[in-house]
Trainee: 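Just passing along the structure, written as structure tokens.
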Amino acid sequence: MRAGELSARELVDASLEAIERLDRSINAFTYVDPDGARAAADAVSAGDERPFAGVPIAIKDNRAVAGMPITMGSDLWAGVVSPVDAFLVRRLRAAGFVIVGKTNMPENGILPTTEPRRFGPTANPWAPDRTPGGSSGGSAAAVAAGMVPIAHGNDGGGSIRIPAACCGLVGLKAARGRVSVGPDSGQSFLVSDGVLTRDVGDTAAVLDVLAGYEPGDATWAPSVAAGAFASAAAAGGAFFGAPLRIGLAFNPPLDAAEVDPVAIGAARDAAQLLSSLGHAVDEVTPPWSGLGLLPDFTRAFGPLISMTTAAGGRLTGREVLESDVEPLTWAMYERSRTLNVLDHLTAQSRLESVARTLISWMLAQPLDVLLTPALAARPLRTGEVHGRGPDPFGNYRRSGAFTPYTAMINVTGQPAVSLPLFQGDDGLPLAVQLIAQPAREDVLLALAAQLEAALPWADRAPDLRA
């Protein structure tokens, strides 16, 4: 595009054509803006030096894009249109991205599946009867199917890493405070924004675009040099002055979870690959099991989610009714409204204490990186977990057993990435998770790029002929 061999309009038209052809089956998008996307593309000309000039991108439907609906996957938000861009959207536009639309998500981003009542389920392009994961499931499906090359997501308990694992993509949860959640949101203890991509280089280059303090941010990660993340990814194994110390962990932070032998095998295979690359890998047992943290996580996560329900009521100018939202959302909202403030603060304090213990343990070993399975099971079948049955909190607990390795890293605030190193015998992607020390996305991206060079995955794609 920069050389003039291809125009931004051609790129965007190709994206819009793929959406038109595929999305009736996949249902990744909640809103598409062909006129706006084409107008933005027409404003991009050959020679534009912005890093992503003319590249189509989709935004998850819980971040503000000026002039577009924002629904949070909920009937409650019907008719709400964003008057401004979120800071991260403004940064994406400044980098040259062309926004083609908004992507599907579970209501309020609660579950690791994408089956909202308002828009219906999103299909996994690798197997249409399976979930693409969640809560950034629409974005993951759109990238996996080739409707867009990159899509925005965010991660409050695994919501980038889980769909990346389900759909065969790279999914990085950046360090706490690395990407601003403003101007509509304040400090977020759990949530980090990012993207879903096919390869590590794209993820790193977009993080360079998104990273950095915005005026009024309550917390922020340490500043890095311009282009530092892309440079780390480009260096790959040459980034390291010495072999890394890597801990291989299988014990899940969620006590009730049973880990599929296939997931364990993938982590062992990844460990062998890392050893062959010269790193020192030892099996370890992080002190995160047996702590009974799910109730405390829910007391912290529930009010965060329920603020979205309360905001929907304020924006629509009326009291929220049970019929406005799904049963799990209503159950969370009712529990959060009656939660003792001291119980909420005590739960968050305990989570922060556990985070301090875990990070101190990792530094004391010392370990540069932890390696775990990405998921405890293969991608769930559509309809298994959607939060609308007679026992919504039972669905919530079931979802935790599916994804026991992710939410703990939101608690600690460390960066973590899901990598689609393998394919299962069932034909579905099979991923592992890497976790770095606090604020060390550079180490994580360099190691991920080294693994990608050793065992490339970017050319794997689902068969969409059906």
Side-chain angles (χ1 to χ4, degrees), residues 2 49-53 55-58 88 91-92 94-97 136 139-140 143-144 148-155 160-161 163-165 167-180 192-213 220-241 244 274 277 279 368-369 371 374 409 413-421 431-459:
R2 188 169 294 131
E49 292 297 328
R50 292 177 296 172
F52 291 97
V55 176
I57 193 170
L88 67 92
R91 286 178 176 241
L92 292 171
F97 279 110
S136 307
S139 288
V143 176
V148 287
I150 298 174
H152 159 262
N154 37 44
D155 190 317
I160 288 176
R161 290 162 289 156
C167 292
L169 305 174
V170 177
L172 173 71
K173 183 197 83 68
R176 179 179 293 137
R178 182 67 71 194
V179 179
S180 175
S192 178
D193 282 81
V195 288
L196 293 117
T197 71
R198 289 186 180 276
D199 63 61
V200 175
D202 282 351
T203 291
V206 179
L207 185 59
D208 280 321
V209 167
L210 295 178
Y213 171 82
W220 56 93
S223 298
V224 297
F229 297 121
S231 295
F239 181 82
F240 311 114
L244 296 181
L274 287 163
L277 295 171
H279 301 294
D368 299 296
V369 171
L371 165 65
I409 313 308
Q414 295 165 263
V417 66
S418 175
L419 298 178
L421 282 177
V432 298
Q433 176 180 232
L434 299 174
I435 305 160
Q437 293 182 5
R440 293 310 305 266
E441 291 99 325
D442 54 349
V443 170
L444 206 58
L445 289 163
L447 184 60
Q450 187 182 26
L451 287 168
E452 183 180 30
L455 192 63
W457 59 72
D459 289 337

Trainee: Between A436 and R440, what is the shortest heavy-atom contact and its length?
Mentor: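 It is CB-O, 3.6 Å.
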Trainee: Any side-chain heavy atom of R161 sitting closer than 4.5 Å to one from D155?
Mentor: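 Heavy-atom side-chain distance check passes, below 4.5 Å.
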Trainee: To the nearest 0.5 Å, what is the distance between CZ (R198) and CG (D459)?
Mentor: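 Interatomic distance, R198 CZ to D459 CG, rounded to 0.5 Å: 9.0 Å.
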Trainee: Answer whether the closest heavy-atom distance between the side chains of L207 and L172 falls below 4.5 Å.
Mentor: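 When only atoms from C-beta onward are counted, L172 and L207 do touch, with a gap below 4.5 Å.
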Trainee: Which atoms form the tightest heavy-atom contact between V170 and A164, and what is the distance?
Mentor: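 Shortest heavy-atom contact: C-CB, 3.9 Å.
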Trainee: Looking only at heavy atoms, which two atoms of S136 and G153 are closest? And how far apart?
Mentor: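 The answer is OG-CA, 3.4 Å.
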Trainee: Among residues at least two apart in sequence or on other chains, which ones pass side-chain contact (heavy atoms from CB on, under 4.5 Å) with P456?
Mentor: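 Expected list: none.
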Trainee: Taking all non-hydrogen atoms of both residues, which atom of L447 and which atom of H279 are closest, and how far apart?
Mentor: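 Taking every non-hydrogen atom into account, CD1-NE2, 3.6 Å.
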Trainee: Would you please name every residue forming a side-chain contact (heavy atoms from CB on, under 4.5 Å) with V55, sequence neighbours left out?
Mentor: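 Once residues adjacent in sequence are excluded, the partners of V55 under the side-chain contact (heavy atoms from CB on, under 4.5 Å) criterion are F52, F97, P149.
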Trainee: Rounded to the nearest 0.5 Å, how far apart are CG of L419 and CD of E452?
Mentor: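 If we round to the nearest 0.5 Å, L419:CG and E452:CD are 8.5 Å apart.
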Trainee: What are the two closest non-hydrogen atoms of L421 and L451, and how far apart are they?
Mentor: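 Answer, listing the atom of L421 first, then L451: CD2-CB, 4.2 Å.
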Trainee: Kindly write out the residues that satisfy side-chain contact (heavy atoms from CB on, under 4.5 Å) with A453, not counting sequence neighbours, or none if the list is empty.
Mentor: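 By the side-chain contact (heavy atoms from CB on, under 4.5 Å) rule, A453 matches no residue at all.
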Trainee: Okay, side chain of R2, backbone of R50: is any donor-acceptor separation there less than 3.5 Å?
Mentor: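 Yes, because the side chain of R2 sits within donor-acceptor range (under 3.5 Å) of the backbone of R50.
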Trainee: Could you grab the distance from atom CG of L274 to atom CG of L434, nearest 0.5 Å is fine?
Mentor: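 Rounded to the nearest 0.5 Å, the CG-CG separation comes to 6.5 Å.
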Trainee: Contact between I150 and V143 at the side-chain level, heavy atoms closer than 4.5 Å - yes or no?
Mentor: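 No, side chains not in contact.
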Trainee: Please report the shortest heavy-atom distance between S192 and K173, naming the atom on each side.
Mentor: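 Nearest pair, atom of S192 first, then K173: CB-CG, 4.0 Å.
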Trainee: Identify, with sequence neighbours excluded, every residue that meets side-chain hydrogen bond (donor to acceptor under 3.5 Å, both in side chains) alongside D368.
Mentor: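 In terms of side-chain hydrogen bond (donor to acceptor under 3.5 Å, both in side chains), with neighbours along the sequence ignored, D368 is linked to no residue.
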Trainee: Strictly distance-based, threshold 3.5 Å: is any side-chain N or O of R91 a donor or acceptor partner for the main-chain N or O of V209?
Mentor: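 Side chain of R91 to backbone of V209, a donor-acceptor pair under 3.5 Å: yes, one is there.
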Trainee: To the nearest 0.5 Å, tell me how far E441 CD sits from R178 CZ.
Mentor: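 Going from the CD atom of E441 to the CZ atom of R178 covers 4.0 Å.
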Trainee: Strictly by side-chain hydrogen bond (donor to acceptor under 3.5 Å, both in side chains), give each pair with a member in residues 200-212 just once, sequence neighbours left out.
Mentor: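 Matches after skipping sequence neighbours: T197-T203.
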Trainee: Quick one: does any side-chain atom of W457 pair with a main-chain N or O of L169 as donor and acceptor, under 3.5 Å?
Mentor: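 Absent.
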Trainee: Quick one: pull up CG in L444 and CD1 in I435 and give me the separation to the nearest 0.5 Å.
Mentor: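 Going from CG on L444 over to CD1 on I435, the span is 9.0 Å.
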Trainee: Under the side-chain contact (heavy atoms from CB on, under 4.5 Å) rule, collect the residues that match up with W220, sequence neighbours excluded.
Mentor: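 Expected list: Y213, D217.
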